[in-house]
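For ligands, and for the atoms within them, numbers begin at 1 and follow the listed sequence. Since we're looking at a predicted model, the values are computed, not measured. The first residue of the sequence shown is numbered 1, and numbering continues consecutively from there. The figures here come from the full heavy-atom set of this structure, side chains too, leaving out hydrogens, waters and symmetry mates.
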Amino acid sequence: MQRNQLMVVYGDDPYTMVEMLLQKIKPEEGLPRTAKIGLKPNLVLDKPASSGATTHPELVEGIIKYFQARGYHDLRIMESSWVGAQTERAFQVCGYQELAARYKVQLIDLKRDRTVTKRVGTFALEVCASPLEVDYLINLPVLKAHCQTELTCALKNLKGFIPDAEKRRYHRMGLHQPIAHLAAVLPTHLTIVDGICGDLTFEEGGNPVPMGRVIAGRDPVLIDAYAAALLGLAAEEVPYIGIAAGLGVGADDLAKAEIIEFNPEAKPAQPFRWSRRVQSLARYVDEREACSACYGSLIHALHRLEEEGELNRLGLGEKAIKIGQGFRGVTGEGLGVGVCTRGLASSVPGCPPTARAIKEFLGKRNRK
Ligand code: SF4
């Protein structure tokens with residue numbers, strides 16, 4: 001897998017989705033059987049993955065089984081939950097204690113880890129020792145929004161590799177600079193993003209938006225540039241992406257990325273239950289058999305427009321935006337999202353379009 005490639009698998013079963021990705025990537029090539037393999041889920045707090053906050057344990061299970069079946073037996077799940085939460089409680093509630101016991105995998109609470117000082121530029125950063133001791137580090141963030149940095153995905157998930165005192169200090173430093181510099185001292189070999197149902201607004205969950213995909217890549221900066229677009233953001237709106245690119249951690253130019261979708265036909269249907277917040281945005285949507293990957297993009301786009309004070313100015317009525325496979329072949333007046341609605345007078349192309357593309361399309365209507 002080249003560094004400029006991003007691989008996407010659609011579905012709603014993270015176990016089989018990650019297996020499909022690993023079979024394509026073949027991360028074991030050139031990796032000795034004795035290698036220490038670190039797995040870093042996002043267990044920011046003790047809420048299950050269905051809340052939109054944490055990494056699905058089934059995704060991690062798929063990775064463990066893949067490596068164990070190929071003779072790798074030194075796997076370690078590592079995390080330090082956010083300040084105020086107990087990692088051990090998160091391990092238990094999120095299903096990782098049971099997972100680790102079943103597969104005889106180490107579970108490391110990094111709040112108890114020793115730390116070392118790493119220097120990059122003018123920054124001296126305290127980093128937990130265990131992640132630095134592995135031979136192959138797999139970052140497993142959730143694709144979700146963040147109330148301060150807008151996005152939390154590959155780069156910000158590395159904050160779980162620092163002690164609580166550093167987490168507080170990062171906030172005093174404005175987050176972006178230290179997050180970018182941390183990525184420079186903690187290189188990851190592979191990032192696999194849990195894009196099943198990350199949160200709409202906050203990293204602690206509560207408003208999960210099904211996006212029905214798992215994304216893999218070797219370049220965490222490129223992953224975050226793509227993740228930003230999926231949530232309706234320009235990469236410049238998440239300053240740590242550009243800072244990390246400037247430090248040589250990776251590339252932030254999505255135009256040079258090769259995005260490979262393995263099963264575009266397998267986008268799952270969207271579920272029936274939404275949080276109240278998501279329901280409030282969904283009132284503008286006329287949905288007929290929409291894939292969750294498409295519907296989720298639209299919800300993120302509407303949220304961004306609302307945040308920027310643009311949504312009301314659009315003057316959308318209830319069910320004004322049409323989306324879903326039920327609109328295939330439908331022609332006439334109307335505003336649609338996705339290629340299924342291309343027969344309508346106005347339609348956002350893509351299958352699925354990113355939230356960024358939808359936001360820009362709708363935003364242009366305001367500027368006309
Ligand atoms: S455009 Fe149609 S087929 Fe493609 S993701 Fe959207 S709803 Fe699904």
Side-chain angles (χ1 to χ4, degrees), residues 6-14 16-18 20-21 52 142-145 193-198 200 208-216 223 226-233 254 257-274 278-279 281-305 314 316 318-365:
L6 298 174
M7 295 185 174
V8 184
V9 167
Y10 293 99
D12 54 12
D13 174 2
T16 52
M17 291 158 80
V18 78
M20 192 187 297
L21 280 171
V142 176
L143 171 66
K144 59 182 171 174
V193 181
D194 180 346
I196 299 293
C197 63
L200 177 71
V209 178
M211 294 285 274
R213 68 195 94 194
V214 172
I215 305 155
I223 285 265
Y226 185 53
L230 291 178
L231 297 197
L233 297 159
L254 264 187
E258 182 188 359
I259 296 164
I260 305 165
E261 295 176 304
F262 288 118
N263 57 348
E265 74 294 343
K267 299 177 186 90
Q270 46 123 357
F272 299 103
R273 287 200 3 220
W274 297 96
V278 175
Q279 278 176 27
L281 293 168
R283 70 185 185 277
Y284 299 112
V285 183
D286 181 3
E287 177 271 329
R288 296 183 201 166
E289 300 159 38
C291 305
S292 61
C294 213
Y295 199 93
S297 295
L298 175 55
I299 293 295
H300 278 291
L302 292 172
H303 170 66
R304 295 279 156 234
L305 287 162
L314 279 170
L316 296 170
E318 293 223 343
K319 295 184 178 285
I321 305 175
K322 314 208 180 300
I323 188 169
Q325 298 171 63
F327 286 100
R328 279 183 182 155
V330 175
T331 55
E333 287 303 306
L335 167 63
V337 165
V339 292
C340 291
T341 64
R342 67 180 152 207
L344 299 177
S346 180
S347 165
V348 187
C351 178
T354 63
R356 176 94 190 132
I358 299 170
K359 178 178 167 256
E360 284 181 354
F361 186 93
L362 294 176
K364 270 188 206 145
R365 291 166 59 91

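Atom 6 (Fe) of ligand 1 has as its closest protein heavy atom C294 SG, 2.4 Å. K267 CD, 3.3 Å is the protein heavy atom nearest to atom 5 (S) of ligand 1. Of all protein heavy atoms, the one closest to atom 8 (Fe) of ligand 1 is C291 SG, 2.4 Å.
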Next item on the list: Run the numbers on K364 and E360 for salt bridge (Lys or Arg N to Asp or Glu O under 4.0 Å), then give the verdict.
Entry: CA-CA 6 Å; K364 270 188 206 145; E360 284 181 354; 5.8 Å; no
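For CD of E333, the number of neighbouring non-hydrogen atoms (other residues, nucleotides, ligands) closer than 6.0 Å is 12 at most.
Under a 3.5 Å cut-off, the side chain of D194 and the backbone N or O of I196 do form a donor-acceptor pair. Under a 3.5 Å cut-off, the side chain of Q279 and the backbone N or O of L281 do not form any donor-acceptor pair. Here the side chain of S347 pairs no donor or acceptor atom with the backbone of L344 at under 3.5 angstrom.
The closest side-chain donor-acceptor pair between E261 and Y10 falls under 3.5 angstrom. For the residue pair S297/T354, the side-chain donor-acceptor check at 3.5 Å is not satisfied.
Under a 4.0 angstrom heavy-atom cut-off, P353 registers as lying outside contact with ligand 1. Residue contacts with ligand 1 include R328, since one of its heavy atoms falls under 4.0 Å from the ligand.
Put simply, C340 gets within reach of atom 2 (Fe) of ligand 1, with an N, O or S atom under 2.8 Å from it. Not one N/O/S atom of C351, from backbone or side chain, sits under 2.8 Å from atom 8 (Fe) of ligand 1.
Among the candidates I215, V9, D12, V8, the single residue satisfying the side chain to side chain contact (heavy atoms under 4.5 Å, CB included) test with M17 is V9.
Less than 4.0 angstrom separates some heavy atom of G338 from each of these atoms of ligand 1: 1 (S). Near V339, with a cut-off below 4.0 Å to any heavy atom, the atoms of ligand 1 are 1 (S). For ligand 1, the atoms closer than 4.0 angstrom to any heavy atom of G350 are 1 (S). Under a 4.0 Å criterion applied to the non-hydrogen atoms of G324, ligand 1 contributes the atoms 7 (S).
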